[in-house]
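Everything on this sheet refers to the single structure shown next.
Index from 1, following the sequence. Just so you know, ligand 1 is whichever comes first in the structure, and atom 1 is the first atom listed for that ligand.
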Amino acid sequence: MSVVVARQLEKTYVSGDITVNAIQGVEFTIEPASFVSFIGPSGSGKSTLLNMIGCLDPPTRGTLQVAGREITNLSRREAALFRGENIGFVFQDFNLIPVLSVFENVEYPLLMVQNWTKEKRKKRVFDLLDAVGMTDQANKRPNQISGGQKQRVAVARALVTNAKLVLADEPTANLDRETANRIIDLMKQMRDDFQTTFVFSTHDPRIVKNVEITFTLEDGKFSSTNDNQGGGNA
Ligand SMILES: Nc1ncnc2c1ncn2[C@@H]1O[C@H](COP(=O)(O)OP(=O)(O)OP(=O)(O)O)[C@@H](O)[C@H]1O
Ligand SMILES: [Mg+2]
């Protein structure tokens, strides 16, 4: 089963007399455990598309299935529940909670969901911290670690509830190139280890070569689709 299926998807923003056709009839399918990026210039519609997939903002027209569910007409409450159960988010500015430790930041989404015991949460959090190489920093606060390390913690937090789909809007925008590429490699590793699907946006051409599948947006439409899978990084 595909993780995301979009058909004739459109998003129109209307404010006063101004109408913006931000997404204009795009169609795509994203398969499980794939590693996908939307690329394109500023204003081309990347965030709009990710926000629709993440059930943060509904489409204007068309159909959109995420994890087998038609999400076009979900109520706000249904959308919030669906997000909690199915989708992890990695934000551009990391969005870590400053007063919580690294451990507590990763644990946080688990407090919202099932009634897990403290011990079970602890094991799960350390599994993820281990996977992103941050076990040694578990007791530090976000202001005591580097930008790349913050992003690692954000990736661990996005994965801790076992979300099968992780969305990241410009996850590397605030990182230098080397750190950005390391985060991309880390997300690929997580994909391999947990079979998570990663979908992110970037307008950074330097990291595009490390992505397997790219959809290029221009004025709300796809101008090209590229599948680098198996083709290496050349
Ligand atoms: N809430 C909104 N209300 C009205 N117009 C919006 C809104 N959000 C985005 N837009 C418009 O929709 C278009 C697509 O915006 P979007 O944020 O999706 O672009 P983007 O590709 O993410 O750009 P960037 O690379 O700068 O983040 C733009 O013309 C933008 O001005
Ligand atoms: Mg954007």
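- Near T48, with a cut-off below 4.0 Å to any heavy atom, the atoms of ligand 1 are 14 (C), 15 (O), 16 (P), 18 (O).
- For F200 and F89, the ring centers are positioned 6.0 Å apart or more.
- When hydrogens are left out, the protein atom nearest atom 9 (C) of ligand 1 is Y13 CE1, 3.4 Å; that is the closest non-hydrogen contact.
- With no hydrogens or angles considered, no side-chain donor-acceptor pair links E170 and T202 at under 3.5 Å.
- In the model, N181 has a side-chain atom that pairs as donor or acceptor with a side-chain atom of N210 under 3.5 Å.
- For the residue pair S201 / D169, a side-chain donor-acceptor distance below 3.5 Å is found, with atom types taken as modelled.
- Here R191 pairs with E212 in a salt bridge; the nearest charged N to carboxylate O distance falls below 4.0 Å.
- Per-residue contacts place H203 under 4.0 angstrom from the following atoms of ligand 1 (heavy atoms of the residue considered): 25 (O).
- Taking a cutoff of 4.0 Å between a charged side-chain nitrogen and a carboxylate oxygen, D127 and K123 qualify as a salt bridge.
- By the 6.0 Å contact criterion, CD on E178 is open, its count of non-hydrogen atoms from other residues, nucleotides or ligands being 12 or less.
- Below 30°, between 30° and 60°, or above 60°: for F28 and F215 the angle between ring planes is between 30° and 60°, a tilted geometry.
- Protein heavy atoms are absent from the space less than 4.0 angstrom from atom 30 (C) of ligand 1.
- More than 12 heavy atoms of other shown residues, nucleotides or ligands fall within 6.0 angstrom of atom CG in N162.
- No side-chain donor-acceptor contact under 3.5 Å links N51 and T48.
- Nearest protein neighbour of atom 17 (O) of ligand 1, counting heavy atoms only, is S47 CB, 3.7 Å.
- Considering both main-chain and side-chain atoms, G45 comes within under 3.5 Å of ligand 1 through a nitrogen or oxygen pair.
- The closest protein non-hydrogen atom to atom 12 (O) of ligand 1 is A22 CB, 3.4 Å.
- Relative orientation of the F198 and F35 rings is tilted, given thresholds of 30° and 60° on the angle between their planes.
- With a 4.0 Å cut-off on non-hydrogen atoms, S15 does not touch ligand 1 at all.
- Looking at ligand 1, you'll find an N or O of G43 within less than 3.5 Å of one of its N or O atoms.
- When heavy-atom distances to ligand 1 are checked against a 4.0 Å cut-off, K46 comes that close through both its backbone and its side chain.
- Look at E170 and you'll find a heavy atom under 4.0 Å from some atom of ligand 1.
- D193 CG: more than 12 foreign heavy atoms inside a 6.0 Å radius.
- For atom 26 (O) of ligand 1, the nearest protein heavy atom (residue, atom name, distance) is S42 OG, 2.6 Å.
- Against a heavy-atom cut-off of under 4.0 Å, V20 is close to the following atoms of ligand 1: 11 (C), 12 (O), 29 (O).
- Not a single heavy atom of S201 sits closer than 4.0 Å to an atom of ligand 1.
- For ligand 1 and P41, the ligand atoms under 4.0 Å from any heavy atom of the residue are 21 (O).
- Residues Q8 and E27 bring a donor and an acceptor atom of their side chains to less than 3.5 Å of each other.
- Distances under 2.8 Å from the Mg ion (ligand 2) pick out the protein N/O/S atoms S47 OG.
- Paired with F194 under the rule side-chain contact (heavy atoms from CB on, under 4.5 Å), one option of T196, D192, T197 passes, and it is T196.
- Remark: atom 1 (N) of ligand 1 lies closer than 4.0 Å to at least one protein heavy atom.
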